[in-house]
Amino acid sequence: MTELIQLSLQQMRRGLLAGDFSSQELTRAYLERVERLEPHLNAFITLAPELALRQARAADERLAEIRRQGGEAPPLLGVPIAIKDVLAVRDLPCTAGSRILETFVPPYNATAVERVLEAGAVVLGKTNTDEFAMGSSTENSAYEVTRNPWNLERVPGGSSGGSAAAVAARMAPLALGTDTGGSVRQPAAFCGVTGLKPTYGRVSRFGLFAYASSLDTVGALARSAEEVAGIYNALHGHDRRDATSLKHPREEVVLKNEDLRGLRVGIVAEHFQHDLQPEVARALQVAVQQLETLGAKVLDVQLPHTRYAVPVYYIIAPAEASANLARYDGVRYGPRQPAETLPAVYARTRGKLFGREVKRRIMLGTFALSAGYQEAYYGKAQKVRRLIQQDFVRAFEKVDLIAAPVTPTTAFPIGAHRGDPLSMYLEDIFTLPANLAGLPAIAFPVGVDDQNLPVGMQLIAPALHEDRLLQAAHSYQQATSWHQRTPDPELL
Ligand code: GLN
């Protein structure tokens with residue numbers, strides 16, 4: 001069954017429609033792979049083999065009917081997908097990587113989940129994440145770190161590290177992640193897969209356990225941009241259950257086999273003067289040359305305020321998190337720590353069941369919002385956020401896309417930032433600006449470092465131009481093969 005798990009979304013679809021294999025066979029092949037690799041990688045918090053096989057059976061019935069009577073098959077019919085454990089899947093535990101939700105089973109689906117189910121996908125399970133998506137490595141998960149399939153001593157990135165590792169190791173062909181400050185793109189880069197963070201508001205946040213509501217987005221991971229486009233097509237579009245969901249009409253992304261002639265790509269000189277690991281800088285330079293070879297015109301642009309992205313984000317995100325996480329009080333969801341009085345129940349439950357990083361952020365956020373400081377911190381951060389947004393508006397007068405690093409380094413060793421949260425925050429420098437400006441961005445593999453660890457590149461587009469991002473990444477992937485590399489299964 002090894003061949004089944006190597007198929008792309010498009011190949012799976014053709015094979016399923018032709019009856020070459022069934023969704024149950026495909027799903028079993030993935031479940032077997034998961035069973036073998038999960039002890040080494042810990043990519044999942046919850047596995048759902050029974051649900052998956054039930055959904056696969058239903059997909060097979062539908063496929064048989066379509067073969068008999070014709071009709072259009074929904075785009076993901078019978079194809080397995082893994083879901084980050086901050087998105088509600090009805091009747092499966094949803095922990096958000098936290099002990100405080102250990103026993104919580106949502107009775108509803110997140111809209112993003114509902115949409116991939118409507119498209120016919122088969123849910124394999126819930127993937128590991130930093131607690132409440134706070135982190136860049138999955139080391140903040142209460143359910144143990146996920147390991148990078150390229151090197152088990154390295155982190156997979158985070159917070160959607162479980163989803164990225166699962167796709168890289170072919171434990172799932174497709175996955176959903178979320179990106180508040182880089183959590184789809186950074187693990188995609190560290191694991192050598194493709195990850196899309198859509199425009200803020202383009203994919204519903206309903207049923208996503210909120211971290212920082214003005215930044216949170218739901219995104220997609222897969223091996224190629226073409227597959228990511230397939231997920232994105234199912235995901236995006238207005239949802240009245242999310243008040244910030246954009247009314248903009250759905251636009252089906254249809255990728256073409258074309259080069260990049262006429263595309264203007266901006267690069268920011270300072271990005272490359274930043275302390276980049278030399279192999280990352282080299283791989284990016286080669287990738288930019290490849291874009292030029294494909295016909296793109298490369299121009300210099302300035303984003304002078306991105307240097308403030310880390311302090312701005314690490315005020316705004318904890319401030320919003322401190323408000324969002326107030327609901328976890330031991331009364332409404334999950335386990336409760338008993339105590340004599342109600343305030344003591346709150347304090348003990350939160351004190352015992354939230355992890356260190358979550359508590360740190362709640363305290364930072366509460367401080368930044370407290371009387372007398374709110375204007376100095378949150379208010380000021382919002383003003384600088386506006387300047388960061390305006391930099392992009394100006395840059396996009398000159399170019400169609402901006403190419404940038406995803407991360408300063410390749411995947412770092414597990415424990416490298418232990419005890420030094422600030423050094424971990426600094427890793428996010430290149431991914432935060434797109435979230436602060438609400439813009440769509442994609443990360444995809446463009447090379448390797450001297451230890452064979454993947455290097456990613458990021459493309460950022462103006463709002464609502466996911467199609468442009470996906471097309472550029474697709475054209476690049478048509479001409480190169482970095483996205484097709486799979487970690488050596490013998491090493492796992
Ligand atoms: N690493 C960032 C943080 O810790 C971003 C996380 C995310 O995008 N969810 O907040």
Side-chain angles (χ1 to χ4, degrees), residues 84-87 96-98 112 127-141 145-146 155-164 175-190 195-198 200 203 205 208-221 309-322 324-325 354-365 368 381 385 405-409 411-412 416-418 420-443 456 458 460:
K84 184 180 182 181
D85 205 22
V86 290
L87 289 159
S98 182
T127 54
N128 200 9
T129 166
D130 288 292
E131 188 173 3
F132 288 102
M134 297 176 187
S136 311
S137 66
T138 76
E139 291 168 292
N140 297 333
S141 168
V145 69
T146 296
V155 302
S159 59
S160 314
S163 287
L176 295 188
T178 63
D179 192 313
T180 302
S183 278
V184 163
R185 290 161 286 155
Q186 186 256 21
F190 278 8
L196 173 73
K197 170 225 175 287
Y200 179 79
V203 176
R205 291 183 296 115
L208 158 62
F209 292 10
Y211 163 15
S213 304
S214 77
L215 300 157
D216 290 343
T217 58
V218 180
L221 300 107
V310 172
V312 165
Y313 174 89
Y314 278 99
I315 297 282
I316 292 175
E320 295 182 9
S322 72
N324 277 325
L325 270 57
F354 277 143
R356 283 179 76 83
E357 183 62 22
V358 170
K359 284 192 255 187
R360 178 181 294 120
R361 299 216 188 172
I362 290 173
M363 286 193 281
L364 281 171
R385 178 179 189 174
V406 188
T407 54
T409 65
F412 48 82
H417 295 288
R418 197 167 290 147
D420 187 1
L422 197 58
S423 71
M424 182 86 91
Y425 301 168
L426 290 170
E427 293 273 340
D428 298 340
I429 175 79
F430 296 118
T431 49
L432 302 176
N435 298 80
L436 290 166
L439 301 176
I442 196 167
Q458 179 175 210
I460 307 171

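Just so you know, ligand 1 is whichever comes first in the structure, and atom 1 is the first atom listed for that ligand. Below, each value reflects all heavy atoms present in this structure, side chains not excepted, and no hydrogens, waters or symmetry copies.
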Original post:
Does some side-chain heavy atom of V155 sit less than 4.5 Å from a side-chain heavy atom of T138?
Top reply: no
Original post:
Is there a donor-acceptor pair closer than 3.5 Å between any side-chain N or O of R185 and the backbone N or O of Q458?
Top reply: no
Original post:
Starting from atom 2 (C) of ligand 1, which protein heavy atom do you reach first, and at what distance in Å?
Top reply: D428 OD2, 3.1 Å
Subject >> Check: E320 side chain, S213 main-chain N or O, donor-acceptor pair, under 3.5 Å >> reply: yes
Subject >> Minimum heavy-atom distance between G162 and T127, given as atom pair plus value >> reply: C-CB, 3.7 Å
Subject >> E427 and H417, any side-chain heavy atoms less than 4.5 Å apart >> reply: yes
Original post:
Is there at least one pair of N or O atoms, one from S136 and one from ligand 1, spaced under 3.5 Å apart?
Top reply: yes
Original post:
In ligand 1, which numbered atoms sit nearer than 4.0 Å to a non-hydrogen atom of G135?
Top reply: 1 (N), 2 (C), 3 (C), 4 (O), 6 (C)
Subject >> Proximal ligand 1 atoms for S159, defined as those under 4.0 Å from one of its heavy atoms >> reply: 9 (N)
Subject >> A317 near ligand 1 by a heavy-atom separation under 4.0 Å >> reply: no
Subject >> Within reach of ligand 1, part of T180 (heavy-atom separation under 4.0 Å) >> reply: both
**OP:** Using atom types as modelled and distance alone, determine if a side-chain donor or acceptor of N324 lies under 3.5 Å from a backbone N or O of Y211.
**Re:** yes
**OP:** Taking the side chain as every heavy atom from C-beta outward, state whether E131 and F354 have any pair of such atoms under 4.5 Å apart.
**Re:** yes
Original post:
In the protein, which heavy atom is nearest to atom 3 (C) of ligand 1, and how far is it?
Top reply: Y314 OH, 3.2 Å
Subject >> Nearest heavy-atom neighbours spanning L221 and S163 >> reply: CD1-CB, 3.8 Å
**OP:** Kindly assign one of parallel, tilted or perpendicular to the pair Y314 and Y425, based on the angle between their ring planes and the thresholds 30° and 60°.
**Re:** parallel
Subject >> Check: Y313 N/O within less than 3.5 Å of ligand 1 N/O >> reply: yes
Original post:
With a 4.0 Å heavy-atom cut-off (strictly under), which part of R361 contacts ligand 1: side chain, backbone, both or neither?
Top reply: side chain
Original post:
Nearest protein heavy-atom contact for atom 7 (C) of ligand 1: which residue, which atom, what distance?
Top reply: S183 OG, 2.4 Å
Original post:
Do any N/O atoms on K84 end up under 3.5 angstrom from N/O atoms on ligand 1?
Top reply: no
**OP:** Identify, by atom number and element, the atoms of ligand 1 in contact range of A133, meaning under 4.0 Å from any of its heavy atoms.
**Re:** 6 (C), 7 (C), 9 (N)
Original post:
In terms of residue, atom name and distance, what is the protein heavy atom nearest to atom 8 (O) of ligand 1?
Top reply: G181 N, 2.6 Å
Subject >> Numbered atoms and elements of ligand 1 in range of Y211, under 4.0 angstrom, heavy atoms >> reply: 3 (C), 9 (N), 10 (O)
